[in-house]
Structures are given as structure tokens and as C-alpha cells.
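Just below is one structure, and these are the notes that go with it.
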Amino acid sequence: MRIQSNSSGTRTIEVSEAHLQTIDQYQLFRDLIDSNGYVDEQVLDKLRLNIRSLLEGDAGKDKKLLDLCLDVIYHQNMKAFGLQQLVLLFINWKNQGNDGLGMTIRAVQGTPFN
């Protein structure tokens, strides 16, 4: 899967299902975005600091978390717009796993949260 990392669509980041599973396993998006719903550079910095603290502990030995960092979170093209697209991709991925639960919400990539 690919996500746009800028608004013009000239830069993308490849995201695998293993990356999404790692995000889910460590609940990296839990309480990440403030109530205003904006994803900005401060939110990206907050995510990077949260991951850095995980890496300093026992989770630092997890190859999947390290791969997520190298391939996606610390990718040279990752900016706030890319993080917003990653969150939307993650929401859609989680909703696919809940098809039998009557969930009909679909987040659309390229649209802001608010």
C-alpha cells in the first residue's frame, strides 16, 4: 500500500500490512491526536518521541518496530500530511477487520479529519 506524503502527490511512502500490525500492536496512535483533530508537525514529533521511548525499553529488540521506524515513521518524506494519510490508512485497515461487526465508517485519504 502507498500513502501520499505531500499534498501534491509527488512523494509517497510504501506501507505494508506488517507495518499496520505493528502500529496496532503497540497502539501507537492511541491518544496521539488532540481533540482539535489536526495532524501537524507537533503530532509527528510526539509520535517519534513515543516510539523513541519504546525503543529504549524492551520493545527496542522488536525487529518489526525497528522496520516501521526505518521504512515509515522516520522516512525522509514523512511529514504531517503523510502521517495524516497513514492514520487514515490505519483506520480503514482496522475497519476491514471489523466487517462482521456492522461498522460502516470509511476514512477517505486526502481529506482532513475536521
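Values below: every heavy atom of this structure, side chains too, minus hydrogens, waters and symmetry copies. Here, residue 1 is the first one in the sequence, and each next residue gets the next number.
Note that CD1 of I73 and CD1 of I51 are 4.5 Å apart. Values are rounded to the nearest 0.5 Å. One distance of note links CD1 of I23 with CG of L68; it measures 5.0 Å at 0.5 Å rounding. Atom-to-atom distance recorded for L65:CG and C69:SG is 5.0 Å, nearest 0.5 angstrom. Distance CE/M1 to CD/Q85: 14.0 Å, rounded to 0.5 Å. The CG atom of L66 sits 10.5 Å away from the CG atom of D71 when rounded to the nearest 0.5 Å. Distance check, rounded to the nearest 0.5 Å: OH of Y74 to CZ of R48 gives 6.5 Å.
The environment of NZ in K46 is crowded: more than 12 heavy-atom neighbours from other residues, nucleotides or ligands sit within 6.0 Å. With a 6.0 Å radius and a threshold of 12 heavy atoms from other residues, nucleotides or ligands, Q42 has its CD atom at or below the threshold.
Considering all non-hydrogen atoms of both residues, S5 and T12 come closest at OG-N, 3.8 Å. Between L86 and L20, the shortest heavy-atom distance links the atoms CD1-CD2, 4.4 Å.
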Please table the atom pairs, donor to acceptor, closer than 3.5 Å between any side-chain atom in residues 25-35 and protein atoms at least two apart or in another chain.
unit_1, atom_1, unit_2, atom_2, d
Y26, OH, D62, OD2, 2.6
Q27, OE1, R30, NH1, 2.5

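Paired with Q84 under the rule side chain to side chain contact (heavy atoms under 4.5 Å, CB included), one option of D40, L89, V39, V43 passes, and it is V39. Shown are V87, L88, I13; of these, the side chain to side chain contact (heavy atoms under 4.5 Å, CB included) with I3 is made only by I13.
Contact of the K79 side chain with the N6 side chain is not registered, since no non-hydrogen atoms from C-beta on lie closer than 4.5 Å. At a threshold of 4.5 Å between non-hydrogen side-chain atoms, the residues V72 and M78 count as touching.
Neither side chain, H19 nor T22, offers a donor N or O lying under 3.5 Å from an acceptor on the other.
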